Chemist: 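If you scroll down you'll find the structure; I have some questions about it.
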Protein chains: 2
Amino acid sequence: MSQAFRLKQAIEDAVIAGEFLPGDRLDEASLAERFGVSRTPIREALLQLGSEGFIDVRPRRGAIVSVPTPTRLFEMFETMAEIESACGRLAARRLTPENDAAMSAAHRACAVAAQAGDSEQYYADNRIFHEAIYRASCNGFLADQALALHKRLSAYRRIQLRARNRLLQSLQEHAGVLEAIRAGDEQLAATRLHDHVLAQGERFSDMVLGLAERQRTAAAGRAAAKSRAAE
Amino acid sequence: MSQAFRLKQAIEDAVIAGEFLPGDRLDEASLAERFGVSRTPIREALLQLGSEGFIDVRPRRGAIVSVPTPTRLFEMFETMAEIESACGRLAARRLTPENDAAMSAAHRACAVAAQAGDSEQYYADNRIFHEAIYRASCNGFLADQALALHKRLSAYRRIQLRARNRLLQSLQEHAGVLEAIRAGDEQLAATRLHDHVLAQGERFSDMVLGLAERQRTAAAGRAAAKSRAAE
DNA sequence: TATTGTCTTATTGCATACAATTCATATATT
DNA sequence: AATATATGAATTGTATGCAATAAGACAATA
């Protein structure tokens with residue numbers, strides 16, 4: 001299991017890093033060769049990632065990086081918004097100096113990245129900031145759940161942070177969240193985090209829906225039977 | 001994977017049904033013999049259940065049904081409370097006649113079981129009632145997450161539903177929740193569900209802490225080195 | 001030209017075998 | 001007597017092989 005655990009992390013990291021994009025096939029033989037092991041530990045790693053929702057393992061049909069429908073994706077962002085706002089509410093209620101320091105430091109790092117317009121760096125620091133909020137809830141289990149979902153959504157978050165002024169807007173929202181938490185205003189912290197996350201989801205949903213529309217239009221030329229078989 | 005999926009369900013069901021209690025060992029060979037398969041699909045099922053949090057698969061040390069610490073357990077109930085209240089809020093906002101009917105029917109079934117003092121039946125109907133609320137959120141992903149956590153906590157919920165007057169109290173709380181959702185009062189629905197779930201968690205926590213205290217006292221006689229090695 | 005059916009090929013699912021590690025028991029030592 | 005060590009048994013981790021299924025290619029027919 002030691003090997004399988006390493007592999008699970010490695011594959012998960014590759015997905016989060018964007019090396020495998022949603023829809024990409026993850027066939028056991030290639031991965032086995034790439035990591036220099038047999039198919040067995042690869043299979044075990046893939047099955048675990050499947051249980052965590054990162055990938056889709058369809059019986060006898062192999063594993064692919066999950067491709068949620070636009071609806072599902074919106075549901076995931078909405079759920080993320082609810083969980084994050086719960087974290088924010090608890091953080092406002094229970095804030096400790098250590099957690100305050102961690103969040104503030106992450107926020108400053110985000111500011112530097114945003115001012116530099118470095119979206120890759122902001123992407124990384126953004127995750128640290130959000131994780132600091134999760135931890136500040138003083139509920140380790142909730143924090144784990146939040147982080148797991150955050151990771152699952154990372155592929156979609158990354159894309160929409162590319163727009164430069166989105167970085168600065170995101171940063172301002174972070175500042176508002178931080179202010180509310182430090183003021184101990186549970187309700188405000190919850191609302192601001194909820195909106196911050198859901199705004200991302202909505203923006204992304206629009207984008208995906210646009211993309212889906214274009215794909216649909218393009219696919220309209222192809223056979224109806226083919227498209228029916230795909231689903 | 002077909003076989004492994006069956007086995008995963010079967011083992012999960014056995015855990016939820018209480019056949020395997022928290023702490024019980026799940027060794028691959030016995031399970032393989034029991035289900036008439038080789039160890040491979042058993043391992044695959046166990047690893048998946050591990051990812052879902054039902055069991056603990058410690059490298060090279062086998063799998064056991066998870067035994068959360070009292071702190072962790074409280075965190076899990078608190079998280080459940082937050083997720084359920086989110087479901088309740090959304091349900092109040094989006095209630096459809098179909099979902100209303102499903103919740104009401106489940107509530108009536110709970111009432112019958114509670115009046116009869118049948119805690120096993122109540123346990124089953126209670127799950128249907130809560131699942132109906134999850135579905136009523138009109139967010140399939142959130143509902144899936146809620147149900148997964150609900151299942152994980154089932155072993156602990158079952159125990160504390162044994163007390164007869166707890167059944168009637170639980171039923172009354174259900175009535176209040178249902179009333180708030182049907183009235184479209186998001187805030188009230190969220191609060192009532194939060195309290196309903198957290199009350200369970202607190203009651204259970206007290207029980208577990210009492211239990212842990214007794215165990216700790218009993219264990220005090222044993223060697224300190226042994227207890228150090230266990231962790 | 002489009003569609004359907006068959007065949008080939010590639011990939012997954014499971015079983016078995018072996019290697020590596022942990023756990024338990026027994027023995028030796030202080 | 002208690003602790004430490006060593007040995008053996010049991011269990012897990014990985015590799016390999018074979019069987020079963022699905023994807024793709026190709027040909028035949030409408």
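Remember, it's a predicted structure, so these values are computed and weren't measured experimentally. Chain letters run A, B, ... following the sequence lines, proteins first and then strands; every chain starts at 1.
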Chemist: Below 4.0 angstrom from OP1 or OP2 of D:dA15, is there any side-chain N or O of A:Arg39?
Modeler: no
Chemist: Would you mind telling me which residue lines up with the more 5' stretch of DNA chain C, A:Thr40 or A:Arg61, judged by nearest nucleotide?
Modeler: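 It is A:Arg61, whose closest nucleotide lies nearer the 5' terminus.
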Chemist: Is a salt bridge present between B:Asp56 and B:Arg25, judged by a nitrogen-to-oxygen distance below 4.0 Å?
Modeler: no
Chemist: Walk me through it: do B:Lys8 and B:Asp13 pass the test salt bridge (Lys or Arg N to Asp or Glu O under 4.0 Å)?
Modeler: CA-CA 8 Å; B:Lys8 168 175 161 294; B:Asp13 289 348; over 6 Å; no
Chemist: Closest to the B:Glu28 side chain: D:dG13, C:dT16, C:dT11?
Modeler: D:dG13
Chemist: For A:Leu31 and C:dT11, give me the distance from atom CG to atom P, rounded to whole Å.
Modeler: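 Taking atom P of C:dT11 as the reference, CG of A:Leu31 is at 12 Å.
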Chemist: Ring-plane angle category for B:His130 and B:His174, please: parallel below 30°, perpendicular beyond 60°, tilted otherwise.
Modeler: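 Answer is perpendicular, since the angle exceeds 60°.
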Chemist: Starting at atom CD of B:Gln3, determine the distance to atom C1' of D:dT21, rounded to an integer number of angstrom.
Modeler: 15 Å
Chemist: What integer distance in Å separates B:Arg58:CZ from D:dT12:C1'?
Modeler: 12 Å
Chemist: Can you tell me the distance, in whole Å, between the CD1 atom of B:Ile42 and the C1' atom of C:dG13?
Modeler: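 These atoms are roughly 14 Å apart.
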Chemist: A:Glu33 has an atom CD; how far is it from atom P of D:dT16, in whole Å?
Modeler: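 Taking atom P of D:dT16 as the reference, CD of A:Glu33 is at 13 Å.
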Chemist: Between C:dT22 atom C1' and B:Ile64 atom CD1, what is the distance in whole Å?
Modeler: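 Answer to the nearest Å: 15 Å.
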Chemist: Looking only at side-chain N and O atoms, does A:Arg43 come under 4.0 Å of OP1 or OP2 in C:dG13?
Modeler: yes
Chemist: Mind calculating the distance between CZ (B:Arg60) and P (D:dA10) to the nearest angstrom?
Modeler: 18 Å
Chemist: Can you tell if the side chain of A:Arg157 reaches within under 4.5 Å of the side chain of A:Arg127, non-hydrogen atoms only?
Modeler: no
Chemist: Is the closest basic N to carboxylate O distance between A:Lys151 and A:Glu52 below 4.0 Å?
Modeler: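 Looking at A:Glu52 together with A:Lys151, the answer is no, because their closest N to O distance does not fall below 4.0 Å.
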Chemist: Where each residue is assigned the nucleotide of DNA chain D containing its nearest heavy atom, which of A:Pro41 and B:Gly62 is assigned the position nearer the 5′ end?
Modeler: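 In this pair, the answer is B:Gly62.
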Chemist: Send over the distance from A:Glu44 CD to D:dT12 P, rounded to a whole Å.
Modeler: 12 Å
Chemist: For B:Ala29 and for A:Val37, find the nucleotide of DNA chain D with the closest heavy atom, then tell me which residue's nucleotide is more 5'.
Modeler: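 Nearest-nucleotide comparison on DNA chain D picks B:Ala29.
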